[in-house]
Amino acid sequence: MAASPETNTAPVADYDVLIIGAGISGLYQLYRLRELGMEVRVLEAGSGVGGTWYWNRYPGARFDSESYSYSYSFSKELLEEWNWSEHFAAQPETLRYLSHVADKFDLRRDIQFHSRVTAAHYQEETRRWQVTLQDGNRCGARFLITAIGPLSAPTMPRIEGVETFQGEACHTARWPHEPVNFAGKRVAVIGTGATGVQTIQEVAKTAGHLTVFQRTPNWCAPLHNSRIDAETQRRIKAGYPEMFTRCRETFACFLHTPDPRGTFEVTPEEREAFFEKLYAERGFGIWQGNFRDILTDPKANDAISEFVARKIRQRVKDPKVAEKLIPRNHGFGTRRVPLETKYYEVYNQPNVQLVDINETPIERITPAGIKTKDAEYAFDIIIYATGFDAITGSFDRIDIRGLDGQKLRDKWANGPRTYLGVQVEGFPNMFMVMGPHTALGNIPRSIEYNVEWVTNLIRYMRERNLTRVDAKPEGVAAWTDHVKSLGVGLLSNEVNSWMTGINTNVEGKQTRIIARYSGSAPAYRARCDEVAATGYEELALA
Ligand SMILES: Cc1cc2nc3c(=O)[nH]c(=O)nc-3n(C[C@H](O)[C@H](O)[C@H](O)COP(=O)(O)OP(=O)(O)OC[C@H]3O[C@@H](n4cnc5c(N)ncnc54)[C@H](O)[C@@H]3O)c2cc1C
């Protein structure tokens with residue numbers, strides 16, 4: 001149990017800024033604040049840098065963003081010296097990249113590993129934050145920056161008996177650092193979201209027998225990954241400035257941008273040809289570069305959904321299995337689209353079985369395996385690909401208290417309320433990088449912007465000897481209303497998913513909320529730039 005800050009009298013180490021998390025956000029935030037000459041400490045629960053790419057070591061883990069579009073863009077030298085080996089790099093390579101970044105910029109000396117933050121309390125008398133770690137140690141700082149990740153709080157399914165299983169069991173986001181051998185083993189995978197899909201297609205290559213427990217099928221599309229040859233490498237590097245400019249201009253910072261045409265403004269033949277072209281292209285083009293109305297017009301969405309359903313039927317030999325793999329409760333692209341490599345063909349293998357847990361619910365995990373309503377299965381390994389308590393989950397796991405001891409958890413009981421996704425009224429001097437209500441998309445692009453905005457605000461304050469910044473209630477109300485209004489008319493907001501705050505495995509997360517900003521990234525940045533240009537008048541500075 002962590003000691004509470006009120007009773008623990010151990011001396012407090014003092015810094016200018018405490019950053020929680022050493023993923024892409026935390027590393028870059030540290031780099032930028034050091035440039036201001038500030039004393040910064042990063043507190044990281046894991047034993048190394050990398051965040052998502054440190055924790056998610058499951059087989060098959062890799063990018064859905066093009067590797068090069070995911071890179072940090074701030075250092076020309078870094079861009080020049082790093083060679084991505086594939087268009088969509090696998091986790092070990094991305095972890096090597098982030099480790100290289102940490103070494104190159106000598107970041108590790110300010111990062112404290114094995115340091116899970118359990119509490120962060122603001123003290124108005126000193127205008128400082130006091131932070132408590134799981135081991136009871138404490139530290140304090142003027143500013144607190146949360147870089148704790150939108151997808152970093154793993155969730156286990158709420159199934160009885162999980163702790164009784166005698167074989168090997170692992171959550172994909174808490175994967176062991178040593179390789180797991182599946183050869184000849186009876187393996188279960190629970191979950192078929194983006195992570196489940198990547199895991200299944202990889203494990204099926206070597207497992208003796210694989211049983212997939214599926215509750216909600218997702219609309220998957222081909223990744224079309226390939227190695228990057230020398231000539232392509234040269235072209236990518238020469239094209240970095242234009243590529244990052246393009247990412248700045250697109251809706252969600254991906255290389256792909258929606259086609260300006262409406263789905264029904266073209267002939268059926270043109271439509272089919274366009275869908276075929278997108279299905280044959282690499283990456284998120286079929287989701288992010290499709291007709292402009294597929295995510296807003298139900299009929300347009302039906303058209304692309306029917307197209308992808310046809311593809312599934314063509315690729316899966318057993319028609320009954322194919323039907324089970326076709327989503328019925330949401331249309332294409334209204335949940336995050338998993339990108340796959342021969343995922344559907346896995347179900348043609350004789351050693352792979354699909355169990356629809358809507359038909360035969362899992363009753364319990366047993367010492368030997370899994371018991372459903374109809375059958376008992378024996379396993380050597382159970383893999384929980386059951387995802388994350390997304391966006392607000394990592395906040396909920398810390399006892400964050402602002403003015404007058406107000407808890408962030410209570411403040412957000414009915415959904416997050418933020419100012420630009422960066423601040424929360426009543427929590428002065430706290431900034432969120434990749435918190436709720438900020439632009440996500442191709443995430444490092446948004447991270448770099450968020451970090452630079454926060455850094456500029458801190459610089460502004462230091463230059464004027466200001467020591468306190470808080471969001472104003474009217475600013476929070478306006479931004480929260482704006483974020484909600486952006487969600488109106490989007491088909492994705494009429495669907496249960498982590499993007500609408502639903503997680504059946506987490507108590508209290510059964511009501512839809514608007515947890516993410518769904519406007520365009522350029523519009524988000526324009527609004528934030530405007531606030532900075534007017535001297536942060538919308539914030540309460542003192
Ligand atoms: C499997 C997977 C694949 C993904 N693929 C893509 C992709 O292709 N493209 C894309 O744009 N995005 C992708 N994402 C999203 C990904 O999370 C972001 O791209 C990015 O890594 C977020 O970086 P971050 O630093 O903000 O958060 P994270 O990488 O999640 O890092 C947060 C860090 O904070 C630490 N932390 C959290 N709470 C505490 C605490 N209380 N105390 C101390 N430390 C704490 C965690 O240990 C972690 O190291 C993927 C996510 C997953 C899970």
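Heads up: numbering here begins at 1 and tracks the sequence. Order of listing sets the numbers, starting from 1, for every ligand and every atom in it. As a basis for the values below, the full set of heavy atoms in this structure was taken, side chains included, without hydrogen atoms, waters or symmetry mates.
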Polar contact flag for S152 and ligand 1 (N/O pairs, less than 3.5 Å)
no
Of all heavy-atom pairs linking A147 and I19, the shortest is CB-CG2, 4.1 Å
Starting from atom 8 (O) of ligand 1, locate the nearest protein heavy atom and write down its residue, its atom name and how far away it is, to 0.1 Å.
D64 N, 2.7 Å
Minimum-distance protein heavy atom relative to atom 42 (N) of ligand 1
V117 N, 2.8 Å
Note the single closest protein heavy atom to atom 27 (O) of ligand 1, along with its residue, its atom name and the distance in Å.
G149 CA, 3.1 Å
Is there any N or O on I24 that sits under 3.5 Å from an N or O of ligand 1?
yes
Nearest-neighbour protein heavy atom for atom 7 (C) of ligand 1, which is reported as residue plus atom name and distance
S65 OG, 3.6 Å
Number the atoms of ligand 1 from 1 as they appear, then name those within less than 4.0 Å of a heavy atom of G441, with their elements.
11 (O)
Does an N or O from L151, backbone or side chain, lie closer than 3.5 Å to an N or O of ligand 1?
no
Could you identify the single nearest non-hydrogen protein atom to atom 23 (O) of ligand 1 and state the distance to 0.1 Å?
I447 CD1, 3.8 Å
Heavy-atom proximity to atom 12 (N) of ligand 1 ranks first, among F395, F113, Y70, W55, for Y70
Taking only Lys NZ, Arg NE, NH1 and NH2, and the carboxylate oxygens of Asp or Glu, determine whether D396 and K509 approach each other closer than 4.0 Å.
yes
Ring geometry between F332 and W219 (parallel below 30°, tilted from 30 to 60°, perpendicular above 60°)
perpendicular
Other residues, nucleotides, ligands: >12 heavy atoms within 6.0 Å of E507 CD
no
salt_bridge(D229, R227) N-O dist < 4.0 Å
no
Does an N or O anywhere in M434 fall below 3.5 Å from an N or O of ligand 1?
no
Can you confirm whether something in the protein, heavy atoms only, sits under 4.0 Å from atom 14 (N) of ligand 1?
no
Taking N or O atoms only and a 3.5 Å limit, does E44 qualify as a polar contact for ligand 1?
yes
With no hydrogens and no angle check, do the side chains of H256 and N290 hold a donor and an acceptor under 3.5 Å apart?
no
Is it true that the side chains of N450 and Y524 contain a donor and an acceptor less than 3.5 Å apart?
yes
Can you tell which of I19, I400, I148 gets a heavy atom nearest to atom 38 (N) of ligand 1?
I148
Could you check whether atom CD of E39 has more than 12 heavy atoms from other residues, nucleotides or ligands sitting under 6.0 Å from it?
no
Nearest-neighbour protein heavy atom for atom 31 (O) of ligand 1, which is reported as residue plus atom name and distance
G51 CA, 3.5 Å
Salt bridge present between R282 and E66 (N-O < 4.0 angstrom)
no
Could you tell me whether R174 sits above the aromatic face of W55, with NZ or CZ closer than 6.0 angstrom to the six-membered ring centre and within 45 degrees of the axis?
yes
Tell me the protein heavy atom at minimum distance from atom 26 (O) of ligand 1, and give that distance in Å.
S25 OG, 2.6 Å
Validation: residues 243-251 side-chain donor-acceptor distances under 3.5 Å, sequence neighbours left out:
from, atom 1, to, atom 2, distance (Å)
T245, OG1, P241, O, 2.8
R246, NE, L255, O, 2.7
R246, NH2, L255, O, 2.7
T250, OG1, C247, O, 3.4
T250, OG1, C253, N, 3.2
T250, OG1, F254, N, 3.2
T250, OG1, F254, O, 2.6

Polar side-chain atom of Y54 near backbone of R57 as donor-acceptor pair, under 3.5 Å
no
Residue selection (non-hydrogen contact nearest atom 44 (N) of ligand 1) among S394, A147, A45:
A45
Would Q198 count as being in polar contact with ligand 1, using the rule that some N or O on each side must be under 3.5 angstrom apart?
no
Using a 4.0 Å heavy-atom cut-off, which part of S115 comes near ligand 1: side chain, backbone, both, or neither?
backbone
Do any heavy atoms of R397 fall under 4.0 Å from ligand 1?
no
Any luck finding a side-chain donor-acceptor pair between Y28 and E452 under 3.5 Å?
yes
Sub-4.0 Å atoms of ligand 1 with respect to non-hydrogen atoms of F388:
53 (C)
Whether A173 lies under 4.0 Å from ligand 1, heavy atom
no
Quick check: does any side chain N or O of S67 sit under 3.5 Å from a backbone N or O of H87, one acting as donor and the other as acceptor?
yes
I'd like the name of whichever of F63, Y58, W53 reaches closest to atom 3 (C) of ligand 1 through any heavy atom.
W53
Main-chain N/O of T216 paired to Q214 side chain as donor or acceptor, under 3.5 Å
no
Within 4.0 Å of some non-hydrogen atom of N442, the atoms of ligand 1 are 11 (O)
Counting non-hydrogen protein atoms only, what is the nearest one to atom 34 (O) of ligand 1? Give residue, atom name and distance.
G21 CA, 3.2 Å
Pull out every atom of ligand 1 sitting under 4.0 Å from any heavy atom of L43, numbered as shown with elements.
43 (C), 44 (N)
My understanding is that only residues two or more places apart in sequence, or in another chain, count here; which of them pass side chain to side chain contact (heavy atoms under 4.5 Å, CB included) with E242?
none
Pick from I398, T52, L440: the one approaching atom 2 (C) of ligand 1 most closely through a non-hydrogen atom:
T52
